2 protein chains.
Amino acid sequence: MGLLLRNLKQRAILCEEDQQAVLDLPVVIKALSANDYVIREGEDVDCCEVLVSGFAFRQLLTGDGQRQILAIHIPGDALDFQNLFLDVADHSVQMLTAGPVAFVPRAAIQRLFHKRSRFAQAVFINVLVDAAIFREWVLNLGRRDARSRMAHIICEFMLRCEMMQFNDPDNRDLPMTQEQLADATGLSAVHANRVLRDLASENLIQPHRGHISIPDWRKLRAIADFNERYLHLSQQTLSNDI
Amino acid sequence: MGLLLRNLKQRAILCEEDQQAVLDLPVVIKALSANDYVIREGEDVDCCEVLVSGFAFRQLLTGDGQRQILAIHIPGDALDFQNLFLDVADHSVQMLTAGPVAFVPRAAIQRLFHKRSRFAQAVFINVLVDAAIFREWVLNLGRRDARSRMAHIICEFMLRCEMMQFNDPDNRDLPMTQEQLADATGLSAVHANRVLRDLASENLIQPHRGHISIPDWRKLRAIADFNERYLHLSQQTLSNDI
DNA sequence: CGTTTAATTGAACACAATCAAGCCCTGTGG
DNA sequence: CCACAGGGCTTGATTGTGTTCAATTAAACG
């Protein structure tokens, strides 16, 4: 649970005992394949998952089966704090790429939540930041055009990866197909393709097969109308420094 | 703080002491006017607010000043658990109608969060449900057409009001102008007007001046593709019954 | 009453969806 | 080694939903 601990320590100051309690959490690591479900809408929740490596995404479906991607998750992210005290999952989480996922019994996390209030605070902040990201996506879908939306989602991904300082260069590519990007931006696959071509023609992104690499995400910022306030990174580094 | 207590008791089982602690929270009630800011983006947070009566909304602006409404709040809602442990507000909350708002020092809520884990749990669940609502709005804006979007937002409002069992018939109208509804649905004001006219012509809604009443929100459900799972109401009543 | 805010309407336009077809890889099996 | 299948990407043509601009009407409020 080193990754989870690293995540939580960015959010609150944990004492030695708190930290040990997190490291002592019972955990089973499972290797999942791309597109495997981590959580399925409508199912009862009895585990909390942490993404060890690879990428994952949240999704919700309309009644007639259209998909909307709600969030993209990177290694170290907790995938299921959203359901820590909700009994039925209201949305699904699926793997974007193959990768190991740590499964922790929900009851163990709940116990820690009640016993160690600093841990509770760290988990709480984690959920608050997730909520802030959802809000930014509402703005993105509601008030930005296709080009900005696409750029915004790419910027967010890049910045979050950068903050986690992944060593592996594979972890700097966005491993999404154009169809998935369309479902994240609320566009049709055809239009997503055209937007991506435009961005590529300006050298703002470099699409490969099922991957997108970004030479310099900072160039995308202006197009994306990107302002990282909603990620609350300053608070993160602040806590780190202490 | 009776309203806040009622809200929290719907989310977790609080013992006598927990309940008394909530009732003992220091609080200042201020009468706010329509459009007054409760929280302003970019400002430091030092209070938690609870809406006593009237309605409020969250909003976020793009760089070029376009507004997106993120959520609508009804009496009893906590307006600022979203910032309980985040130092700078990443979005604004504004009054929709005039009404009293209870201001509680953030530090007092934080203290209770650390001291009483059942209270922490109730607050946490409150935030989880807010996050679930944001997710549904992402789906709404990303994958539904104008008509469904509008119907969906109205359905959500009606159902939430119904669950709170407001006595006052004034509290069953949605007090939003067409421009505000446009900003909530990600539409232009002109198109929002046309969608509302269509819905009104089918007797699904009844627009007055700055208000919309709904003869029977159940009729809107099919158009809205509305499924209340994301509001986690069953869990609410479950906890109530115990 | 005059002013303001909200609602309404029409016309022209634009962004994005849809439909349909074809391409280019990559993996698979004969 | 080649044929073929399938997924993902690309492209053009057409349609349509929703925007923009501009002007008007209606309703509240001082």
Side-chain angles (χ1 to χ4, degrees), chain A residues 33-35 57 62 64-69 94 96-98 140-153 173-201 205-213 223 225, chain B residues 33-35 57 62 64-69 94-98 140-154 173-201 205-213 223 225:
Chain A
S33 309
N35 296 315
F57 64 97
T62 60
D64 59 348
Q66 294 178 86
R67 174 173 71 168
Q68 176 65 47
I69 290 179
Q94 240 176 313
L96 209 46
T97 61
N140 205 34
L141 293 174
R143 286 293 178 229
R144 294 200 185 100
D145 65 12
R147 192 179 156 82
S148 296
R149 278 189 225 174
M150 190 65 78
H152 196 280
I153 279 175
D173 280 13
L174 178 57
M176 289 175 81
T177 66
Q178 295 189 350
E179 196 179 358
Q180 290 166 337
L181 285 167
D183 285 340
T185 49
L187 301 173
S188 67
V190 173
H191 198 57
N193 173 277
R194 287 178 176 139
V195 169
L196 288 167
R197 271 188 72 70
D198 284 354
L199 292 175
S201 75
I205 60 171
Q206 289 170 348
H208 312 295
R209 183 170 188 71
H211 287 257
I212 290 174
S213 63
I223 293 164
D225 181 36
Chain B
S33 308
N35 297 315
F57 64 95
T62 60
D64 59 348
Q66 293 179 86
R67 175 173 70 167
Q68 176 65 47
I69 292 181
Q94 239 176 313
M95 295 301 286
L96 209 46
T97 62
N140 205 32
L141 293 174
R143 287 293 180 228
R144 293 198 186 102
D145 65 13
R147 191 177 157 82
S148 296
R149 276 188 226 177
M150 190 64 79
H152 196 279
I153 278 174
I154 296 170
D173 280 13
L174 177 58
M176 289 174 79
T177 66
Q178 295 188 352
E179 196 178 356
Q180 290 165 338
L181 285 167
D183 285 340
T185 49
L187 300 172
S188 68
V190 172
H191 198 58
N193 173 278
R194 289 175 177 142
V195 169
L196 288 167
R197 272 188 72 69
D198 283 355
L199 292 175
S201 74
I205 61 171
Q206 290 170 350
H208 313 296
R209 183 171 186 71
H211 286 258
I212 290 174
S213 63
I223 292 162
D225 182 34

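By convention in this document, chain letters (A, B, ...) are assigned in the order of the sequence lines, proteins followed by strands, and residues within each chain are numbered from 1. It should be emphasised that the depicted structure is a prediction, and the values quoted were computed from it without experimental measurement.
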Looking for any heavy atom pair under 4.0 Å, which part of the strands does A:Thr177 touch: base, sugar-phosphate only, or nothing? sugar-phosphate

Just the atom pairs and distances: protein N or O near nucleotides 2-5 of chain C's N or O, under 3.5 Å.
{"residue": "C:dT5", "atom": "O2", "partner": "B:Arg209", "partner atom": "NH2", "Å": "3.0"}

Dump the pairs, protein N or O against N or O of nucleotides 10-12 of chain D, anything under 3.5 Å, distances to one decimal.
{"residue": "D:dT10", "atom": "OP2", "partner": "A:Gln178", "partner atom": "NE2", "Å": "2.8"}
{"residue": "D:dT10", "atom": "OP2", "partner": "A:Asn193", "partner atom": "ND2", "Å": "2.7"}
{"residue": "D:dT11", "atom": "OP1", "partner": "A:Arg197", "partner atom": "NH2", "Å": "3.4"}
{"residue": "D:dT11", "atom": "OP2", "partner": "A:Arg197", "partner atom": "NE", "Å": "2.4"}
{"residue": "D:dT11", "atom": "OP2", "partner": "A:Arg197", "partner atom": "NH1", "Å": "3.3"}
{"residue": "D:dT11", "atom": "OP2", "partner": "A:Arg197", "partner atom": "NH2", "Å": "3.3"}
{"residue": "D:dG12", "atom": "N7", "partner": "A:Arg194", "partner atom": "NH2", "Å": "2.6"}

Expressed in angstrom and rounded to an integer, what is the separation of A:Leu181 atom CG from D:dG7 atom P? 19 Å

Looking at residues at least two apart in the chain, or sitting in another chain, which of them share a salt bridge (Lys or Arg N to Asp or Glu O under 4.0 Å) with A:Arg149? none

4.5 Å side-chain heavy-atom contact, B:Leu174 and B:Ile205: no

To the nearest Å, how far apart are B:Asp145 CG and C:dA17 C1'? 12 Å

How far does OG1 of B:Thr185 sit from CG of B:Leu141, to the nearest 0.5 angstrom? 7.5 Å

So which atom in B:Phe57 and which in B:Met95 form the shortest heavy-atom distance, rounded to 0.1 Å? CE2-O, 3.7 Å

In whole angstroms, the gap separating P of D:dT19 from CZ of A:Arg143 amounts to 8 Å

A:Met150 CE - D:dC9 P separation (whole Å): 11 Å

Write down the distance between CG (A:Asp198) and C1' (D:dC9), rounded to a whole number of angstrom. 15 Å

Show which side-chain atoms of residues 186-200 of chain B pair as donor or acceptor with protein atoms under 3.5 Å away, not counting sequence neighbours.
{"residue": "B:Ser188", "atom": "OG", "partner": "B:His191", "partner atom": "N", "Å": "3.2"}
{"residue": "B:Asn193", "atom": "ND2", "partner": "B:Gln178", "partner atom": "OE1", "Å": "2.7"}

Across all chains, not counting sequence neighbours, the side-chain contact (heavy atoms from CB on, under 4.5 Å) partners of A:Ala184 are A:Ile69, A:Trp137, A:Ile153, A:Met176

C:dA17 P sits how many Å from B:Arg144 CZ, rounded? 17 Å

Report the distance from atom NE2 of A:His191 to atom C1' of C:dC19, rounded to the nearest whole Å. 16 Å

Angle between the end axes of the helix from C:dC1-D:dG30 to C:dG30-D:dC1, five pairs per end, to the nearest 10 degrees? 30°

With sequence neighbours left out, what residues match B:Ser148 under side chain to side chain donor-acceptor pair (under 3.5 Å)? B:Asp145

For residues 174-186 of chain B, which residue pairs pass the salt bridge (charged side-chain N to carboxylate O under 4.0 Å, His left out) check, not counting sequence neighbours? A:Arg143-B:Asp183, B:Arg67-B:Asp183

Atom pair CD1 (A:Ile223) and CZ (A:Arg147), whose distance is rounded to the nearest 0.5 Å: 4.5 Å

Rounded interatomic separation in angstrom, taking CG from B:Leu187 and P from C:dA16: 14 Å

